[in-house]
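Below: the structure, in structure tokens.
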Protein chains: 2
Amino acid sequence: MALCWEDLPMDKIDKKILISLQNDARVTVADLSEQVSLTSSPCWRRVKALEESGVIRGYHAELDPRRLGYDVTAFVSVMLENHRIDVGDSFEVAVQGIPQVVACHNVSGRYDFMLEVVATDLEAFGEFARNVLRTLPGVKEIYSSFSLKSIKHQRRLPLP
Amino acid sequence: MALCWEDLPMDKIDKKILISLQNDARVTVADLSEQVSLTSSPCWRRVKALEESGVIRGYHAELDPRRLGYDVTAFVSVMLENHRIDVGDSFEVAVQGIPQVVACHNVSGRYDFMLEVVATDLEAFGEFARNVLRTLPGVKEIYSSFSLKSIKHQRRLPLP
DNA sequence: GGTGAAAGCGAGGACCA
DNA sequence: TGGTCCTCGCTTTCACC
């Protein structure tokens with residue numbers, strides 16, 4: 001059983017630290033400690049504790065897809081042929097290895113999986129859907145919806 | 001017109017740097033320069049150039065939703081009453097201010113928007129959908145699909 | 001839990017090829 | 001562009017409260 005938040009008492013200072021690190025993962029401990037009204041040692045110890053407890057999974061650079069030539073972001077809903085466990089498993093494994101798939105969830109509802117896919121343009125996406133997605137193990141039906149505009153992309157979790 | 005990747009020549013070293021920073025935003029320039037076979041000054045200059053050109057949008061800590069008490073992640077498709085510009089605009093502005101909405105795209109297809117929402121549990125989500133989402137400006141219909149399992153959540157863009 | 005100090009390392013700049 | 005210092009400030013780890 002994973003630790004959850006009742007097990008790890010997190011006070012207001014920890015929350016402030018997490019807010020800051022979600023905003024800017026590269027703040028110095030010196031700045032961070034000032035923001036949370038602490039000296040750097042206890043602040044540093046808290047950050048380490050949050051990392052080790054698994055609350056902080058990692059630190060990542062956020063890149064601009066368009067500046068990298070990815071003009072297309074698509075949400076692809078995938079329905080599998082049947083719901084046997086092994087079919088889902090091999091689909092999941094296959095998806096992990098496809099770099100164009102930037103996120104994937106097993107979901108409830110009409111479809112089984114929801115993928116977020118990037119592509120350089122619509123043509124490249126079409127080819128990708130035809131040659132890669134449709135040929136994945138057990139795929140029965142796919143439905144693609146394209147992002148016309150990204151309204152909100154900072155994926156910050158609220159810290160009440 | 002935004003700069004795109006043809007305007008900014010990016011060589012293999014820049015790509016390696018971006019891969020490393022997507023994996024771990026807190027690598028030291030010393031380690032990074034070793035990974036890309038450079039000394040630290042030119043490596044540091046490249047990182048700064050990538051930041052200033054907008055390729056790197058920022059650095060963010062990735063938190064574990066479950067350890068923060070968010071057991072529910074939902075994908076919510078929203079259809080607006082009509083497609084007049086002002087209705088969409090006020091919906092977008094409203095969505096920006098809702099912390100539970102961690103991502104939102106204006107999309108093509110049957111629905112107009114696709115939201116990713118976090119909640120502590122299903123009951124909280126139900127309340128949120130009823131009292132917040134349904135009451136947003138111009139909302140006609142919503143369809144919620146729940147994440148049963150996150151297959152892939154590192155949102156790393158491929159660097160070919 | 002918190003503070004303060006000390007050592008050592010890295011960021012960032014000046015300058016050369 | 002890349003490489004070589006150099007220096008200041010921060011990180012990290014003490015011992016102690």
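Chain identifiers are assigned alphabetically (A, B, ...) following the order of the sequence lines, protein sequences preceding nucleic acid strands; residue numbering begins at 1 within each chain. Given the structure is predicted, the values throughout are model-derived calculations rather than measurements.
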Checklist outcome for this item: Per side-chain hydrogen bond (donor to acceptor under 3.5 Å, both in side chains), H60(A) is matched among Q22(B), E62(B), R26(B) by E62(B)

Checklist entry - Separation of D31(A) atom CG from dG9(D) atom P, in whole Å? => result 13 Å

Item to check | Interatomic distance where CD belongs to E34(A) and C1' belongs to dT11(D) [whole Å] | outcome: 16 Å

Checklist entry - Linking Ile, Leu, Val, Met, Phe, Trp and Tyr through side-chain heavy atoms less than 4.5 Å apart, which residues share a cluster with V107(A)? => result F75(A), M114(A), F75(B), V107(B), M114(B)

Item to check | Which residue lies more 5' along DNA chain C, comparing V29(B) with D11(A) via nearest heavy atoms | outcome: D11(A)

Item to check | Test of ring centre spacing under 6.0 Å for Y59(A) and Y59(B) | outcome: no

Checklist entry - With sequence neighbours left out, what residues match F146(B) under ring-ring contact (aromatic ring centres under 6.0 Å, His included)? => result F125(B)

Item to check | Basic-acidic side-chain contact under 4.0 Å: R130(A), E127(A) | outcome: no

Checklist outcome for this item: For D89(A), the salt bridge (charged side-chain N to carboxylate O under 4.0 Å, His left out) test, sequence neighbours excluded, returns none

Item to check | Residues, nucleotides or ligands: over 12 heavy atoms within 6.0 Å of E34(A) CD | outcome: no

Item to check | Presence of salt bridge, E116(B) and R155(A), under 4.0 angstrom | outcome: yes

Item to check | Strand contacts (DNA chain C) in residues 36-47 of chain B, 4.0 angstrom heavy-atom criterion | outcome: S41(B), W44(B), R45(B)

Checklist entry - Between E51(A) (CD) and dT11(D) (P), how many Å, whole number? => result 13 Å

Item to check | Candidate pair I13(B) and R46(B), rule side chain to side chain contact (heavy atoms under 4.5 Å, CB included), full reasoning | outcome: CA-CA 9 Å; I13(B) 294 178; R46(B) 277 168 182 268; 3.6 Å; yes

Next on the checklist: A side-chain contact here means heavy atoms from C-beta on lying under 4.5 Å apart; do Q154(B) and R57(A) qualify?
Outcome noted: no

Checklist entry - Between the two ends of the helix from dG1(C)-dC17(D) to dA17(C)-dT1(D), what is the bend in degrees, rounded to 10 degrees, where each end axis spans five pairs? => result 30°

Checklist entry - For DNA chain C, which nucleotides open and close the run of contacts to chain B, 5' to 3', at under 4.0 angstrom from a non-hydrogen atom? => result dA11(C) to dC15(C)

